[in-house]
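Worksheet for the structure shown next.
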Amino acid sequence: MENIQAEITLEDLRKGSDYLLKQVYESNRLKFLNFARRYNLSEEENIDIYQDAYVIFYDNVMSGKLESLSSSISTYLFSIGKYLIFDKMRKNKKVVSGDYDLSRVAEVDDEVNAFEMEKQSLTTEQELLKKTLWLFR
């Protein structure tokens, strides 16, 4: 899926392809959630932050505010998400370490690609729901 994402351009996304937009969302979601866990927010907060980051990304692409990328789409999404995490931590009065080097934002690509994906097993009920939803596609 990573190779597909590397071939996706901003122009392709601006055309409004639901398939490509879904690919970007899904291929980055679990990696971002694994990345966000280091900040000790709840899983629900991490999910909300990823969704907010994706909406900001989508709005920037569609409005033309984002004309080109000097990094990957993943890096851009992670950068948005990281600042949303910091904002959430400030609002929750959690401390963000002062020694965090924000100049490393460009290096997030390597970090993003190095994350190990945790295989989450589904409960019996979740498996049944998944199969049921698949039938109604």
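Count residues from 1 along the sequence.
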Check your understanding: For the residue pair Tyr54 and Lys22, what are the closest heavy atoms and their distance?
Key -> OH-N, 4.4 Å
Check your understanding: With hydrophobic residues grouped by side-chain heavy-atom distances under 4.5 Å, do Leu69 and Leu77 end up in a single group?
Key -> yes
Check your understanding: Is Asp59 close to Lys65 at the side-chain level, that is, under 4.5 Å between some pair of heavy atoms?
Key -> no
Check your understanding: Ignoring hydrogens and geometry, is there a side-chain-to-backbone donor-acceptor pair from Ser79 to Thr75 under 3.5 Å?
Key -> yes
Review point. For Phe78 and Lys31, which heavy atoms make the closest approach, and how far apart are they?
Key: CZ-C, 3.6 Å
Check your understanding: Taking a hydrophobic cluster as the set of Ile, Leu, Val, Met, Phe, Trp and Tyr residues connected by side-chain heavy atoms closer than 4.5 Å, whether directly or through intermediates, do Met62 and Phe57 fall within one such cluster?
Key -> yes
Practice item. Give the intermediate values and the outcome of side-chain contact (heavy atoms from CB on, under 4.5 Å) for residues Ile47 and Arg29. Key: CA-CA 8 Å; Ile47 291 168; Arg29 185 175 185 272; 3.8 Å; yes
Practice item. Would you name the heavy atoms of Arg14 and Gly64 that are closest together and state the gap between them? Key: NE-CA, 4.3 Å
Check your understanding: Below 4.5 Å, heavy atoms only, C-beta onward: do Lys91 and Asp87 meet side chain to side chain?
Key -> yes
Practice item. Step through it carefully: locate the ring centre of Tyr25, locate the ring centre of Tyr50, and say whether they are under 6.0 Å apart. Key: yes
Review point. Is Glu26 reaching over with its side chain to a backbone N or O of Gln23, donor-acceptor style, under 3.5 angstrom?
Key: no
Practice item. For the residue pair Leu13 and Ile73, establish whether any side-chain heavy-atom pair is separated by less than 4.5 Å. Key: yes
Check your understanding: Between the side chains of Tyr76 and Asn60, is a donor N or O closer than 3.5 angstrom to an acceptor N or O?
Key -> yes
**Study point:** Residue pair Asp48 / Gln51, side-chain heavy-atom distance below 4.5 Å
**Key:** yes
Exercise for review: Nearest 0.5 Å please: distance from the CG atom of Asn46 over to the CD atom of Glu43.
Suggested key: 5.5 Å
Exercise for review: Kindly give the heavy-atom pair with the smallest separation between Ile49 and Phe32, and that separation in Å.
Suggested key: CG2-CZ, 3.9 Å
Check your understanding: Can you name the nearest heavy-atom pair linking Leu84 to Ala53, along with the distance?
Key -> CD1-N, 3.6 Å
Point to revise | Residues, nucleotides or ligands: over 12 heavy atoms within 6.0 Å of Glu11 CD | key: yes
Point to revise | Gap between atom CD1 of Ile80 and atom CG of Leu66 - 0.5 Å precision | key: 8.0 Å
Practice item. Could you check if a side-chain atom of Val61 sits within less than 4.5 angstrom of a side-chain atom of Leu21, using non-hydrogen atoms only? Key: no
Practice item. Supply the atom-to-atom distance Leu41 CG to Lys88 NZ, rounded to the nearest 0.5 angstrom. Key: 7.5 Å
Check your understanding: Hey, what do you get for CZ (Phe35) to OG (Ser74), rounding to the nearest 0.5 Å?
Key -> 12.0 Å
